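Below: one structure, written as structure tokens.
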Protein chains: 2
Amino acid sequence: MLPEHARSHNRALVLQTLYTTGAQSRADLARGTGLTRVTVSDLVAELMAEGLVVELGQREDARPGKPATLLDVDRGAFRIVGIDVSGHRVVRGAVLDLSGAILERAESPLGGATGERAFELVAELAARLAALATAPVLGVGIGTPGVVDPRGTVRSAPNLGWTDLPLQARLSARLGLPVHATNDANAAVLAEHGAAEADDLMLVKIGHGVGSGLIVGGRLVTGSGFASGEIGHVVVGTDGGPRCVCGRDGCLEAWLSVPRLTEQLDALGADADEAARAEVLAEAGRRLGIVLAPVVGALDLPEIVLSGPAHLLDGPLIDAALETLRKRTMAEQTRDLRLRMTAHGQDIVLHGTAVMVLSGELGVS
Amino acid sequence: MLPEHARSHNRALVLQTLYTTGAQSRADLARGTGLTRVTVSDLVAELMAEGLVVELGQREDARPGKPATLLDVDRGAFRIVGIDVSGHRVVRGAVLDLSGAILERAESPLGGATGERAFELVAELAARLAALATAPVLGVGIGTPGVVDPRGTVRSAPNLGWTDLPLQARLSARLGLPVHATNDANAAVLAEHGAAEADDLMLVKIGHGVGSGLIVGGRLVTGSGFASGEIGHVVVGTDGGPRCVCGRDGCLEAWLSVPRLTEQLDALGADADEAARAEVLAEAGRRLGIVLAPVVGALDLPEIVLSGPAHLLDGPLIDAALETLRKRTMAEQTRDLRLRMTAHGQDIVLHGTAVMVLSGELGVS
DNA sequence: GAAGTTTGTTCGTAAGCTTTACTAACTTTC
DNA sequence: GAAAGTTAGTAAAGCTTACGAACAAACTTC
């Protein structure tokens, strides 16, 4: 630990405070961070020289003393390119500003591409988006299915045919930009964490498969083999269940994946009564609750967020899941448990990649 | 972040390296920590002045250059007092040295004491042990059942009748020593982590009740309500189960607690055949595996350690638990999963309190 | 208009780590 | 057996970083 590490820590602290609290003066920052006004002034000068922070002019309200000069993060000064490879049919991308707002969108049909061809599609989309940016690009974030190590190498992503693909390194060399890659569910939980107040959070991503991302103690859980969140192929309950693609009976994914739910609802017929449809969804919700109960108990989780098609998840499914969780854990722990849909909708992974880049490049989240 | 924070970080880094790697020279420390020899010399001088580090004399082996002066943590320079309140009938305590070895023991029968009387017993035992110490006491560590917040206030410990008891603050004022308090299962996992190589670890403590402690990313999981590890009252499976004291059917504790297992084995009669006894234990192990599977999947845990009576746990129970875990999670995750008994035996909480004091007072673990 | 308040800067200082340079003490080599 | 090479530890000087004290600027309040 060198003095310059302390410096960069303080720099990130100032930037973080400014980012989350919004426009304020150097003196406000000093009070907020615990540093002195002198130090804050120095750090702000550095941040202004880099174009990250701008002066907004004097504070308007009438107070004694010299009027304060308001500062803020220049949220338009840089762009972030985000890529979401978690879709089954398309690779989605976007240009975002530093506030995480999506400015431009682009996508490429995957068309069943795997291996090197899939990588090419991702690289081309990223380059196309970087060219669209009307401000310097801070970095590129990628959320991909599969097991991704901290260096951004995709250890294994069966659907894309990727094995030990150094996604981050190769893309960074090709684009000449900082690149950050992580698992799609991890990206999603980062997106949710950006807004959430809690330091412990689980995000369950339900799509073609079922995965999850976890934040514990304010930090993303990566797992010893970088394979955290893999709850899709955990067997639910002790009474069997539908056959899963992995060959076992009663995996969570066999109960809960979008194709499975859609198939079950379709089997009811178009004129099925609402109660029958609700029961299908409630049963899936109960299964989710059964799997989550031990995790909630062990981690004392205060909040779980679901991501996926709202017309399937938001309703009987989520209600049944919460009820099951309450029934199967200690009351004190789950009394205040929140289980809700994400507010990010389909863009959750894209927003998460932006959080990743902000955190990796600026120390801000 | 001030320069002196960097200093104390580096100080702890040097001490940690010396503590875990053992006797070595200043130059070795410099290589090991990445600091320069000058800085290491300075920090070592400070640590020697405090009596924490001593010179052992010159290195014996024949090498070119000036012979190195070996240093080591003076593991006898201080004592740690550890108290384990997790026992059902007695409060156990010990005096330990800095290596975690137990030098003296003492215990007090609890005799059903609760509330203020139970606190008195703990305080008296701690004072008695502190008086037994033949070197300055670095601090006092306490492991207690219940929910304990980071300040060492017992939010709730029903068995002891404690509610919002500021255990750490009151004991510290009374003894004039630094005190650290935590949940007994958390203390246990800290003890296990001291020896384990992994940064992710779960410890399941099976006694009168069932609890657990978790280390994720090298850090103890406290939980949003400081109630992490409470898996004893998570319902197992979807086929009912024995009635639990909490009123529900099929809680893990109702399957797995020591009283329950003992009762079941006793019911078989003294001349029961070995296979019948093994089946009782295996069924309990399967139930444990069912509850742990989602946790292992979500956290990608590499290792789970059991603490409790070896004659019950070590054998059919642990084998069945591992087999169930493998059957109910993805093969890639649990192929290398280790499930084993702790090597600390009955002293696991005492050892854990020592780790807590070492970590809290010296930044060493 | 004088007094008080708040902001932001200038200047000097203390802490902490580094680089450079040195001495001490050993082994290896010729 | 002397010179050369290597390693450990220390001393001095310098750089970075943050702080405190003091001050000017600009406002409100009385």
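What you see is a predicted model, and the numbers here were worked out from it, not measured in a lab. Order of the sequence lines fixes the chain letters, A, B, ..., with proteins taken first and strands second; residue numbering starts at 1 for each chain.
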Under the side chain to side chain contact (heavy atoms under 4.5 Å, CB included) test, residues paired with [X] that sit two or more places apart:
| X | value |
| --- | --- |
| A/Ala343 | none |
| A/Gln16 | A/Thr20, A/Val364, A/Ser365 |
| B/Val147 | B/Arg155, B/Phe226, B/Ala227 |
| A/Ala127 | A/Leu175 |

Between [N] atom [atom2] and [X] atom [atom1], what is the distance in whole Å?
| X | N | atom1 | atom2 | value |
| --- | --- | --- | --- | --- |
| A/Arg11 | D/dA18 | CZ | C1' | 17 Å |
| A/Leu71 | C/dT7 | CG | P | 12 Å |
| A/Gln58 | D/dA25 | CD | C1' | 10 Å |
| A/Gln24 | C/dT7 | CD | P | 12 Å |
| A/Leu43 | D/dT16 | CG | P | 15 Å |
| A/His9 | C/dG16 | NE2 | C1' | 18 Å |

Presence of [X] side-chain N/O under 4.0 Å of [N] phosphate oxygens OP1/OP2:
| X | N | answer |
| --- | --- | --- |
| B/Thr36 | C/dT18 | yes |
| B/Asn10 | C/dC17 | yes |
| B/Arg7 | C/dC17 | yes |

Compute the angle between the rotation axes at the two ends of the helix from C/dG1-D/dC30 to C/dC30-D/dG1, each taken over five pairs, rounded to 10 degrees.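 If I round to tens, the end axes sit 10° apart.
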For B/Pro64 and A/Thr39, take the nucleotide of DNA chain D holding the closest heavy atom to each; which residue's nucleotide lies nearer the 5' end?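 Whichever sits nearer the 5' end wins; that is B/Pro64.
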Quick one: salt bridge (Lys or Arg N to Asp or Glu O under 4.0 Å) partners of B/Arg26, sequence neighbours excluded? B/Glu55
Under 3.5 Å, is there a donor-acceptor pair between the side chain of B/Asp300 and the main chain of A/Gly225? yes
Mark yes or no for whether A/Thr144, through its side chain, and A/Asn183, through its backbone, hold a donor-acceptor pair below 3.5 Å. no
Under the salt bridge (charged side-chain N to carboxylate O under 4.0 Å, His left out) rule, what pairs show up with a residue in residues 355-365 of chain A, not counting sequence neighbours?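 Sorted result for residues 355-365 of chain A: empty, none.
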What salt bridge (charged side-chain N to carboxylate O under 4.0 Å, His left out) pairs are there with at least one residue in residues 73-82 of chain B, not counting sequence neighbours? B/Asp72-B/Arg75
Report all interatomic pairs (protein N or O, nucleotide N or O of nucleotides 8-12 of chain D) with separations under 3.5 Å.
residue, atom, partner, partner atom, Å
D/dA8, OP1, B/Arg31, NH2, 3.2
D/dA8, OP2, B/Arg31, NH1, 3.1
D/dA8, O4', B/Lys66, O, 3.3
D/dG9, OP1, B/Thr69, N, 2.7
D/dG9, OP1, B/Thr69, O, 3.3
D/dG9, OP1, B/Thr69, OG1, 3.3
D/dG9, OP2, B/Arg26, N, 3.1
D/dG9, OP2, B/Ala27, N, 3.0
D/dG9, N7, B/Arg37, NE, 2.9
D/dG9, N7, B/Arg37, NH2, 3.1
D/dG9, O6, B/Arg37, NH2, 2.9
D/dT10, OP2, B/Ser41, OG, 2.6

